[in-house]
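By convention in this document, chain letters (A, B, ...) are assigned in the order of the sequence lines, proteins followed by strands, and residues within each chain are numbered from 1. No hydrogens, no waters, no symmetry mates; every other heavy atom, side chains included, goes into these values. What you see is a predicted model, and the numbers here were worked out from it, not measured in a lab.
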Amino acid sequence: MPIEPQDDPPFDLPPNTESGAGTPGQAAPAHAQGSISQRALAKRPMSSSAAPYLDALNPEQRAAVEALEGPVLVLAGAGTGKTRVLTTRIAHILETGRAYPSQILAVTFTNKAAREMKERVERFVGGSVEGMPWLGTFHSIGVKILRRHAELVGLKQGFTILDVDDQLRLMKQVIEAEGLDKDRWPARQLAAYIDSWKNRGLTPEKVPAGEAHAFAGGKGRELYAAYQRRLKELNAADFGDLLLESLRLFMENPDILAQYHNRFRYILVDEYQDTNVAQYLWLRLLAQGSEKPNICCVGDDDQSIYGWRGAEVDNILRFEQDFPGATVIRLERNYRSTAHILATASHLITANENRLGKTLFTDGAAGNKVTVTGLWDDEEEARTIASNIEALSKQGHRLNEIAILVRASFQMRVLEDRFITTGLPYRVIGGPRFYERAEIKDAIAYLEVTANPANDLKFERIINVPKRGLGDTSVKRVRELARASEIPLFAAAQSIIETEELSGKARRSLSDLVRQFERWRASAATMPHTELAELILDESGYTQMWQADKSPQAQSRLENLKELVRFMHEFDTLQGFLEHVSLVMDIDNASDGDRVSIMTLHAAKGLEFDTVFLTGWEEGVFPSQRTLDESGQAGLEEERRLAYVGITRAKVSAHISFTQNRRNRGLYQSAIPSRFVDELPEAHVEVVEAKTPFGGAYQNFGGRFGGNPYGASRFDEAPAAFQSSYATPGWQRAQKQWQSDSTTPPRRRAAPRTIEGELVASSTSESSFEMGERVFHQKFGYGRISEIDGNKLTIDFEKSGRKRVVDSFVERH
DNA sequence: GCATTAGTCGTTTTT
DNA sequence: CGACTAATGC
């Protein structure tokens with residue numbers, strides 16, 4: 001392994017200089033051909049002993065790793081070893097001496113993916129290599145580039161990165177400054193427009209006239225331009241800018257772009273199907289350095305589920321036109337799921353027109369068929385799943401290996417309620433992220449203003465948090481002074497307290513706050529940053545504010561603050577911590593015990609579980625009516641890909657369910673089974689009857705009973721096959737009962753006692769709580785016990801009303 | 001300036 | 001139904 005040269009200057013010496021190629025000072029050509037020695041090296045067959053890591057790959061994976069020259073598209077189906085290919089490919093480039101770590105650009109979408117790849121490459125190559133400086137998310141690499149050339153895009157080196165709150169605050173100001181009614185033209189909407197323009201690589205001038213008129217009667221473009229100007233004044237960039245501005249940098253400065261062409265000998269892109277136009281253009285520019293760029297994009301068109309966020313499936317579909325002579329390699333051997341599951345997912349996805357096409361297969365066991373269950377309503381669905389999980393748990397399955405995937409988060413509530421009452425430990429994945437919580441943002445704002453007094457938006461965030469009598473009017477005065485004298489808000493605050501401009505009370509508290517910040521800044525030089533953080537949180541009254549708060553979440557907010565300080569220990573400096581925080585929004589959620597996971601289908605991408613429950617397969621819910629309305633056929637295909645993603649998360653069993661009735665937005669509505677249910681391959685699916693009577697919602701099933709308004713069903717063409725599988729005794733029984741019961745849906749009977757009884761019996765015996773006792777629950781807050789039944793308590797919560805809860809979920813208060 | 005109440009509106013979400 | 005926002009009253 002060659003020794004890593006300094007990351008700067010940008011022109012690294014090519015490796016293997018002793019072979020005569022790439023003498024010092026001669027910039028190595030970045031294009032595919034490379035030096036003679038490199039070409040010779042490339043042709044040299046790797047003996048197994050020289051590259052044992054290659055032996056562990058299947059032929060397709062190996063081909064994807066070894067196709068180092070020229071553009072390569074790796075179509076990696078779910079569970080086919082995509083990350084392995086990517087990391088092995090990097091290792092291979094390094095091991096064969098084709099490039100230094102600093103000459104490889106490897107981009108991912110999420111920090112998690114970047115982290116994982118980094119760890120795995122390091123494991124491969126050994127700790128000897130000092131990381132990979134250009135392995136990261138699009139955004140983190142964008143920042144890195146922008147910091148080097150900030151002046152060229154109108155920023156200064158130490159620019160700050162805005163979060164969503166800051167963005168909205170700024171946009172609100174821009175809208176008001178433009179003299180527009182902020183109610184008619186909400187900042188959120190403008191933010192959505194600007195975001196989509198940035199996603200498409202459009203600077204204000206390039207916004208199509210038609211779209212620019214969509215907002216505020218034609219002012220969209222001006223507002224966008226004004227917003228960008230304000231960002232520059234504040235020396236700040238939003239997330240979109242991290243990409244868009246580095247794109248602009250490259251387009252306007254060919255010399256700079258050339259430096260990066262020279263630097264990046266190999267480009268790797270993960271999850272290519274999720275790239276948006278801006279990212280695509282960015283990659284193209286970087287790859288343009290040679291005719292046959294060594295760019296390797298890995299992705300799966302069937303897993304493109306972020307179209308609504310600007311991702312362009314077309315990028316992956318068009319790859320071969322974009323990069324002529326590209327090698328396309330399909331990874332179709334699946335190592336995750338059993339055959340029935342794979343066949344179900346594969347078959348479902350064939351209903352999509354717009355795809356490159358690939359078929360997953362496995363040498364593994366057939367396993368169990370995918371089950372489909374129709375249920376009366378969402379509560380019955382939750383009960384059934386809870387009892388199935390309970391049964392699995394008794395058989396020794398780990399809860400960590402079980403997940404429930406929903407289309408939309410409103411579906412989670414029933415499940416949570418049920419799990420709480422039965423005492424089934426669960427966790428919700430992808431809820432509010434750590435750094436998105438208000439208390440964390442506030443704390444960070446304090447730290448940020450301490451470290452960087454010029455960060456106006458962060459200062460504005462906490463100027464009156466906790467409440468210190470500095471309302472809108474006072475803040476407005478300070479802001480006006482700041483704008484008038486073109487100084488930061490904090491500086492304006494410093495000078496305004498010397499004047500009579502503010503009322504006595506406001507002046508005093510602002511002056512206190514300013515002095516506190518000055519003191520904290522002085523302490524920052526001598527005090528460890530974690531200690532400083534504690535001091536600030538304490539002296540500002542912030543901790544106290546939450547201690548005084550009696551809402552159910554206050555306690556966990558305080559915990560979060562503690563967690564934040566604990567986390568800060570991982571950084572050497574306050575600056576280092578703040579830089580990390582602005583880019584990395586998630587925090588490693590420690591796996592705390594054995595719990596069932598509940599999450600959206602989107603959040604499930606990239607994960608796998610032994611058992612997966614897919615709920616709510618009803619028209620309108622899944623596929624989502626809104627997507628259908630907004631995006632038509634393309635939307636439907638994206639929904640179908642979502643179904644594909646969901647099914648392929650399962651390793652050994654997948655259970656699909658739909659209900660006849662679902663409570664949503666307060667009203668109870670009837671539903672018909674999703675068209676996706678009809679699209680499932682009959683041979684790999686088993687209809688399981690619901691345990692409760694009338695549980696089957698089969699009267700609409702297959703488009704033959706009650707009519708499916710969404711066109712002919714596949715099963716219409718094969719009625720025999722349909723009947724063989726779906727006309728189970730249970731189904732017939734349900735059908736008969738249904739018909740004899742007239743057209744009125746049967747009333748749902750009371751909660752099945754057997755399930756309750758079973759669960760109660762399986763838990764601890766008698767509750768130690770007493771009637772009338774005041775208790776606290778993490779989710780529902782405070783309440784009083786009104787009934788005790790074994791370990792089950794009925795509690796009247798002050799905020800959430802009456803609930804039945806297992807006693808281990810509440811604590812005395 | 002702040003707390004309480006009426007009104008709105010309701011996918012998916014990294015960075 | 002319930003979370004979040006805007007408007008109203010103290």
Side-chain angles (χ1 to χ4, degrees), chain A residues 107-114 136-143 161-164 167 182-183 186-188 192 195 198-199 237-244 270-271 274-276 278-279 304-311 378 405-414 417 429-433 435-436 438 464 466-476 502-503 505-506 509 551 553 580-586 599-606 616 620-631 635 638-639 641-643 645-646 662-669 780 799-801:
Chain A
V107 275
T108 64
F109 274 84
T110 65
N111 291 302
K112 197 174 150 207
T137 61
F138 276 99
H139 296 267
S140 69
I141 287 166
V143 178
I161 300 160
L162 302 193
D163 63 28
V164 186
Q167 265 182 68
K182 65 173 167 47
D183 297 326
R188 300 204 127 277
D195 198 49
K198 287 185 175 176
N199 281 160
D238 66 17
F239 271 111
D241 284 344
L242 301 182
L243 251 151
L244 186 63
D270 189 18
E271 306 276 18
D274 285 338
T275 49
N276 61 33
Q279 286 156 340
S304 164
I305 55 174
Y306 285 109
W308 50 275
R309 208 167 65 183
D378 50 348
L405 310 185
V406 300
R407 171 67 245 262
S409 40
F410 76 83
Q411 296 169 255
M412 292 181 183
R413 181 181 278 127
V414 230
D417 276 354
I429 308 273
R433 271 179 301 286
Y435 290 118
E436 293 204 330
N464 199 31
K467 300 261 188 292
R468 46 172 72 89
L470 294 165
D472 287 348
T473 46
S474 306
V475 174
K476 202 169 264 171
L502 296 181
S503 72
K505 197 179 140 221
S509 50
S551 67
Q553 301 91 348
H580 172 89
V581 161
S582 60
L583 276 175
V584 179
M585 298 301 280
D586 66 344
M599 69 191 92
T600 63
L601 287 161
H602 284 92
K605 195 170 124 192
V621 175
F622 188 41
S624 150
Q625 190 56 50
R626 191 155 160 186
T627 301
L628 261 34
D629 293 345
E630 280 170 12
S631 315
E638 183 156 314
E639 294 285 304
R641 292 193 289 267
L642 217 35
V645 168
R662 185 169 293 274
R663 195 180 298 277
N664 182 16
R665 310 185 198 173
L667 30 97
Y668 200 65
Q669 277 188 317
F780 303 132
K799 291 249 164 65
S800 331

Roughly, in whole Å, what's the span from OH in A:Tyr668 to P in C:dG2?
-> 16 Å

Residues two or more places apart in sequence or in another chain: which of them pass ring-ring contact (aromatic ring centres under 6.0 Å, His included) with A:Phe410?
-> none

Distance, rounded to the nearest Å, where A:Asn199 contributes CG and B:dT13 contributes C1' = 12 Å

Distance test, side-chain N/O of A:Ser140 to OP1/OP2 of B:dT15, below 4.0 Å | no

Select one nucleotide: of B:dT15, B:dG10, B:dT13, the one nearest the side-chain heavy atoms of A:Tyr306.
-> B:dT13

With the side chain defined as heavy atoms from C-beta on, A:Ala603 is closest, among B:dT13, B:dG10, B:dT15, to B:dT13

Atom CG of A:Asp629 and atom C1' of B:dG10 are separated, to the nearest Å, by 14 Å

Using a cut-off of strictly less than 4.0 Å, decide whether A:Ser582 has a side-chain nitrogen or oxygen near OP1 or OP2 of B:dT15.
-> no

Check: protein-nucleotides 2-5 of chain B nitrogen or oxygen pairs below 3.5 Å:
unit_1, atom_1, unit_2, atom_2, d
B:dC2, OP1, A:Gly469, N, 3.3
B:dC2, OP2, A:Asn464, ND2, 3.3

CZ of A:Phe410 versus C1' of B:dC9: gap in Å, rounded?
-> 14 Å

Residues which pass side chain to side chain contact (heavy atoms under 4.5 Å, CB included) with A:Val414, listed by chain and number, not counting sequence neighbours | A:Asp378, A:Glu379, A:Ala382

With A:Val581, which residues qualify under side chain to side chain contact (heavy atoms under 4.5 Å, CB included), at least two apart?
-> A:Tyr435, A:Ile444, A:Phe577

A:Arg663 side-chain N/O to C:dG2 phosphate OP1/OP2 under 4.0 Å = no

Pairwise 5' ranking along DNA chain B for A:Phe138 and A:Ser624, keeping only the more 5' one = A:Ser624

Quote, to the nearest angstrom, the C1' distance that separates B:dT12 from C:dT5.
-> 23 Å

Those residues at least two apart in sequence (or on a different chain) that pass side chain to side chain contact (heavy atoms under 4.5 Å, CB included) with A:Asp241 are A:Lys198, A:Gln228, A:Leu231, A:Ala237, A:Asp238, A:Glu245

Rounded interatomic separation in angstrom, taking CG from A:Leu162 and P from B:dT15 = 17 Å

Per A:Arg309 side chain, nearest of listed nucleotides C:dA3, B:dT12, B:dT13 | B:dT13

For the pair A:Asp274 and A:Lys605, find out whether any cationic side-chain nitrogen is under 4.0 Å from an anionic carboxylate oxygen.
-> yes

Checking B:dT13, B:dG10, B:dT15 against the side chain of A:Trp308 (C-beta onward), the nearest is B:dT13

Expressed in angstrom and rounded to an integer, what is the separation of A:Asn276 atom CG from B:dT15 atom P?
-> 14 Å

Under 4.0 Å: is that the gap between some side-chain N or O of A:Asn664 and OP1 or OP2 of B:dG10?
-> no

Decide whether A:Asp629 and A:Gln625 meet the rule of one side-chain donor and one side-chain acceptor closer than 3.5 Å.
-> yes

Whole Å only: how far is the CZ atom of A:Arg665 from the P atom of B:dG10?
-> 7 Å

Set of residues satisfying ring-ring contact (aromatic ring centres under 6.0 Å, His included) with respect to A:Phe622, sequence neighbours excluded = A:Trp617, A:Phe676

